[in-house]
Amino acid sequence: MFESGLRLRIPPSPTGSLHLGTARTALYNWLLAKRFKGVFVFRLEDTDRERSKSEFVTDIIEGFKWLGIDWNEGPLRQSEHKARHQMVVNQLLDKSLAYECFCSSEELEQIRIAQRALNKVEGYDNRHRNLTKEQKEAFRAEGRKPVIRFKLPNKAEIAWTDLVRGKMSVNASDLGGDPVIAKENGDVLYNFAVVVDDHDSAINCVIRGEDHLHNTAKQIPIYEAMEWEIPKFAHVPLILTANREKLSKRKHGDIASISNYIKAGYLPEAINNYLIAMSWQFPSDNNKEVFTKEEAFKYFDLKDLSKSAAIYDPLKLNWFCKEHFQRLSAEEVLARAKAGGFLELSNNLEEYSKEEQLQIISLMKDGLIKLSDLSNPASAASLLVFCQAPNLQDLNQEAKNCLQEPEAKLVLSELNNLLETSPDFSPEIVQKLLINLAEKTGLKKGKKLFWPIRVAVSGNVHGADLVSLLNILNKNRLQERVKATLQYLEI
RNA sequence: GCCCCCAUCGUCUAGUGGCCUAGGACACUUCCCUUUCACGGAGGCGACACGAGUUCGAAUCUCGUUGGGGGUACCA
């Protein structure tokens with residue numbers, strides 16, 4: 001299908017930070033480029049001068065890098081092709097395939113109102129298609145400045161075979177009139193610029209969101225007018241929120257921006273996995289859900305993509321996160337946590353040896369969703385327990401209740417006594433210590449015995465395996481915290 | 001309003017005319033493991049939107065209805 005070599009592109013506009021949907025479209029492009037050894041072009045769609053910002057350019061590039069999405073050409077900037085765009089506008093004008101339109105926004109609005117009243121397609125009625133020289137001069141004399149409109153073919157059916165959806169067609173008359181390609185101030189518009197730039201980059205396959213379906217119908221006639229080769233089109237399904245609206249930066253900024261996932265310490269491999277799996281899975285192996293994009297590209301094909309929109313499910317994303325954390329070594333988790341600045345606790349882990357740090361991470365990484373959980377006191381994966389004694393004044397209800405039990409004081413004072421004579425900790429010693437404690441207190445293994453220790457140590461009745469926890473924490477810290485709790489109970 | 005797209009458990013999906021009393025995953029839930037939480041293991045709940053047609057036979061093909069989404073700018 002792509003004898004001359006597949007050429008793909010992703011053209012985000014730097015009017016906001018990298019959007020989850022853009023990332024997903026980029027991913028699908030990347031997957032296909034890798035699979036068929038194509039060229040992937042990265043272009044910044046920055047023709048809207050008021051809304052485009054350099055900080056967003058940085059954000060988008062950082063986002064792609066974080067996800068591991070690389071490109072072969074670019075970043076190109078649409079704004080640098082102004083002269084070229086102008087040239088093509090003039091060519092269309094010369095060939096009478098485009099024309100000047102002098103309608104004011106008020107006139108346009110009136111046309112729409114009238115059309116709507118008749119249940120017709122709203123849009124421009126092409127009234128200035130065939131203005132005479134005199135008419136144009138008259139408008140100019142009024143001080144009007146024209147926009148340039150492209151002549152859509154009359155009553156023609158615009159059809160293409162979509163690589164995701166199959167046969168598609170839109171009637172030209174349903175497109176809302178001849179589209180403006182250049183504004184009054186000379187700036188060209190998206191639907192025109194994108195065609196010129198894609199052609200100039202020799203793009204032969206356009207993968208974009210389903211929201212562009214009508215744009216494709218507007219763009220194909222421009223290719224035809226210029227006698228340019230029309231690329232293949234593939235419209236991928238959209239991401240919807242739980243209440244079924246298109247995921248937008250403005251309304252759902254927290255979940256829509258890649259930068260937020262970076263900040264929260266998500267694993268890029270989990271985001272990639274989720275984004276791909278939203279609309280695609282391994283052909284003939286739907287049991288394989290957890291995979292990397294490098295595994296996926298070997299089998300990826302647009303025809304296997306789902307046609308319907310997917311609803312963003314944070315719970316499923318969390319599951320992918322857990323799965324990918326489990327596949328990471330403790331070394332790797334530790335390195336990423338450090339590099340990302342997620343170990344900035346009050347006393348950080350530096351007082352533990354490297355080996356102990358790795359033990360700590362292994363102990364905690366089972367249920368880890370994102371790296372920021374490591375320093376979030378509310379999270380079960382919080383490392384706070386290793387860094388500071390619990391605040392006994394401010395315990396949760398479960399912990400409070402536990403300490404009020406009569407056995408709590410008994411357990412802790414006996415433990416305190418045993419610690420006086422205990423040798424330095426090892427897993428075996430801790431194990432023995434707990435057995436001794438059970439004997440001394442007459443309590444069998446159970447909540448009555450172990451919960452008070454947990455509260456004294458971590459301020460919580462739940463947590464990681466107690467023997468490992470105490471062993472890493474070590475004798476001194478345990479002693480300090482048990483004493484502090486006993487003191488607290490005396491008052 | 002008009003145009004376009006989509007339609008299997010709550011969610012993501014497998015399924016391309018008989019292997020379907022519809023399979024998997026997330027979520028929920030029961031039990032087991034476990035000093036706790038989690039992890040892990042074994043179960044459970046739960047869907048072909050509806051109506052016609054084609055066919056010996058339809059989740060799969062056709063048409064209609066309904067529902068959902070997107071588009072409808074001198075934004076991208």
Side-chain angles (χ1 to χ4, degrees), chain A residues 11-16 45-48 50-52 78 101 103 105 108 112 115-124 145-149 162 164-165 168-171 173-177 179-191 193-194 209-217 235 237-238 240 242 244-246 274 277-290 306-320 322 326 364-368 380-381 398 402 434 438 443-451 453-454 460-467:
Chain A
S13 71
T15 55
E45 213 92 332
D46 56 353
T47 44
D48 188 333
E50 274 134 50
R51 296 200 299 145
S52 296
Q78 193 157 59
C101 166
C103 285
S105 51
L108 258 16
R112 288 211 172 84
Q115 285 163 332
R116 190 166 190 137
L118 295 167
N119 284 355
K120 283 166 97 179
V121 182
E122 281 180 51
Y124 174 60
K145 282 186 173 173
V147 299
I148 309 299
R149 287 184 186 269
D162 198 285
V164 173
R165 285 153 207 281
M168 301 286 309
S169 78
V170 180
N171 204 300
S173 60
D174 288 328
L175 255 19
V180 175
I181 58 174
K183 296 203 253 187
E184 209 178 281
N185 68 7
D187 285 353
V188 292
L189 257 21
Y190 166 77
N191 269 129
V194 76
E210 191 187 353
D211 48 346
H212 282 280
L213 240 19
H214 276 73
N215 286 336
T216 296
H235 291 89
L238 261 20
L240 266 32
R244 295 179 182 277
E245 30 183 23
K246 186 171 127 176
Y274 180 53
M278 256 178 157
S279 303
W280 182 86
Q281 61 182 261
F282 271 80
S284 69
D285 183 7
N286 66 45
N287 288 325
K288 189 170 175 65
E289 293 221 62
V290 181
S306 165
K307 291 189 186 74
S308 42
I311 292 173
Y312 177 88
D313 180 0
L315 260 15
K316 186 98 185 198
L317 173 59
N318 285 354
W319 177 76
F320 279 112
K322 282 188 192 173
Q326 281 185 17
M364 304 312 254
K365 91 180 166 79
D366 253 7
L368 198 55
E398 248 182 329
C402 168
L434 293 178
L443 295 165
K444 289 181 198 152
K445 288 183 167 191
K447 294 177 183 178
K448 296 256 189 226
L449 180 62
F450 294 107
W451 278 18
I453 307 177
R454 285 192 175 281
N460 204 307
V461 296
H462 305 305
D465 172 63
L466 192 57
V467 172

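Residue numbering restarts at 1 for every chain, and letters A, B, ... go by the order of the sequence lines.
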Nucleotide B:rU8, atom C1' - distance to CD1 of A:I311 in whole Å: 14 Å
Looking only at atom [atom1], what distance separates [N] and [M], rounded to whole Å?
N	M	atom1	answer
B:rA58	B:rU16	C1'	12 Å
B:rU11	B:rC63	P	26 Å
B:rU34	B:rG46	C1'	30 Å
B:rC33	B:rG70	P	50 Å
B:rG23	B:rU29	P	23 Å
B:rC48	B:rC9	P	7 Å
B:rA47	B:rC20	C1'	13 Å
B:rU30	B:rU65	C1'	42 Å

Shortest non-hydrogen contact between A:E45 and A:Q78, atoms and distance: CG-OE1, 3.1 Å
A:E289/A:K316 ion pair, N-O < 4.0 Å: yes
Worked verdict on A:K307 versus A:E210 for salt bridge (charged side-chain N to carboxylate O under 4.0 Å, His left out): CA-CA 9 Å; A:K307 291 189 186 74; A:E210 191 187 353; over 6 Å; no
Nearest to the side chain of [X] - [options]?
X	options	result
A:R244	B:rA76, B:rC5, B:rG68	B:rG68
A:A310	B:rU35, B:rA25, B:rC12	B:rC12
A:D366	B:rU36, B:rG1, B:rC39	B:rC39
A:R116	B:rG1, B:rU36, B:rC26	B:rG1
A:K447	B:rC26, B:rU35, B:rC5	B:rU35
A:R149	B:rA38, B:rC74, B:rC4	B:rC74
A:N191	B:rA76, B:rC6, B:rA27	B:rA76
A:V170	B:rC3, B:rG1, B:rA76	B:rC3
A:L240	B:rG69, B:rC3, B:rA27	B:rG69
A:L108	B:rC74, B:rA25, B:rC39	B:rC74

Side-chain (A:D162) to main-chain (A:M168) donor-acceptor, under 3.5 angstrom: no
Using a 4.0 Å heavy-atom cut-off, does [X] contact any base of the nucleic acid, only the sugar-phosphate backbone, or nothing at all?
X	answer
A:S308	sugar-phosphate
A:D187	nothing
A:A117	nothing
A:A309	sugar-phosphate
A:C101	nothing
A:V461	base
A:S105	nothing
A:E122	base

[X] vs [N]: side-chain N/O to OP1/OP2 distance below 4.0 Å:
X	N	result
A:K246	B:rG71	yes
A:R112	B:rU72	no
A:T47	B:rA76	yes
A:K307	B:rA7	no
A:K183	B:rC75	yes

5′-ward residue of the pair A:S306/A:G367 relative to RNA chain B: A:S306
5' precedence on RNA chain B between A:L238 and A:W280 (nearest-nucleotide basis): A:W280
Complement of B:rG53, any strand, by Watson-Crick or G-U distances under 3.5 angstrom: B:rC61
Base paired to B:rC48 (Watson-Crick or G-U; both N/O distances under 3.5 angstrom): none
Check: A:H214 side chain, B:rC4 base, donor-acceptor under 3.5 Å: no
Donor-acceptor pair (no angle test) under 3.5 Å: A:R51 side chain, B:rC75 base: yes
Aromatic ring pairing A:Y274/A:Y312, orientation class (parallel under 30°, perpendicular over 60°, tilted between): perpendicular
